[in-house]
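Notes follow the structure.
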Amino acid sequence: MANEIYTRKLHRSRTDRMVAGVCGGWAHVLGVDTALLRILLVAATILGFGTGAVLYLICWVLMPQEPAAE
């Protein structure tokens, strides 16, 4: 177990999504609830004069989609 390296790849989620799956992908990597990230994103958008929305759009463009399960 000590020699085993576990990495989590950052992908947009195919299953846990409302718009593009960005929050679902980040929640999976960070190990937190997706709803918490969505609330934080809305707060960042409102309190940061649109910063959260800009970050979401950047992640949407740059993050690859999760591979399809075979």
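Basis for what follows: all heavy atoms, side chains included, without hydrogens, waters or symmetry-related copies.
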Exercise for review: Applying side chain to side chain contact (heavy atoms under 4.5 Å, CB included), name anything that partners Ile46, two or more places apart in sequence or on another chain.
Suggested key: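 So Ile46 forms a side chain to side chain contact (heavy atoms under 4.5 Å, CB included) with Val42.
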For residues [X] and [Y], report the shortest heavy-atom separation together with the two atoms involved.
X: Ala27; Y: Thr34; answer: CB-OG1, 3.5 Å
X: Gly25; Y: Ser13; answer: N-CB, 3.9 Å
X: Ala20; Y: Tyr56; answer: N-OH, 3.1 Å

Distance check, rounded to the nearest 0.5 Å: Trp26 atom CH2 versus Leu55 atom CG?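 Atom-to-atom, Trp26:CH2 and Leu55:CG are 10.0 Å apart.
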| message | Once salt bridge (Lys or Arg N to Asp or Glu O under 4.0 Å) is applied, what residue pairs with a partner in residues 44-66 remain, sequence neighbours excluded? | response |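 Pairs touching residues 44-66 that pass the test: none.
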Open item on the list: Considering only residues two or more places apart or on different chains, which pairs with a residue in residues 17-38 satisfy salt bridge (Lys or Arg N to Asp or Glu O under 4.0 Å)?
Closed with: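 Only Asp16-Arg38 qualify under salt bridge (Lys or Arg N to Asp or Glu O under 4.0 Å).
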According to a 4.5 Å side-chain heavy-atom criterion applied to Ile, Leu, Val, Met, Phe, Trp and Tyr, with indirect links allowed, do [X] and [Y] form part of one hydrophobic cluster?
X: Leu10; Y: Val19; result: yes
X: Val29; Y: Met63; result: yes
X: Ile58; Y: Leu41; result: no
X: Leu30; Y: Ile39; result: no
X: Val54; Y: Trp60; result: no

message: Do Thr51 and Thr45 make a side-chain contact, defined as non-hydrogen atoms from C-beta onward lying under 4.5 Å apart?
response: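 Side chain of Thr51 against side chain of Thr45, heavy atoms only: no contact under 4.5 Å found.
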Under 4.5 Å between any side-chain heavy atoms of Arg14 and Gln65, yes or no?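 They are in contact (side-chain heavy atoms under 4.5 Å apart), so the answer is yes.
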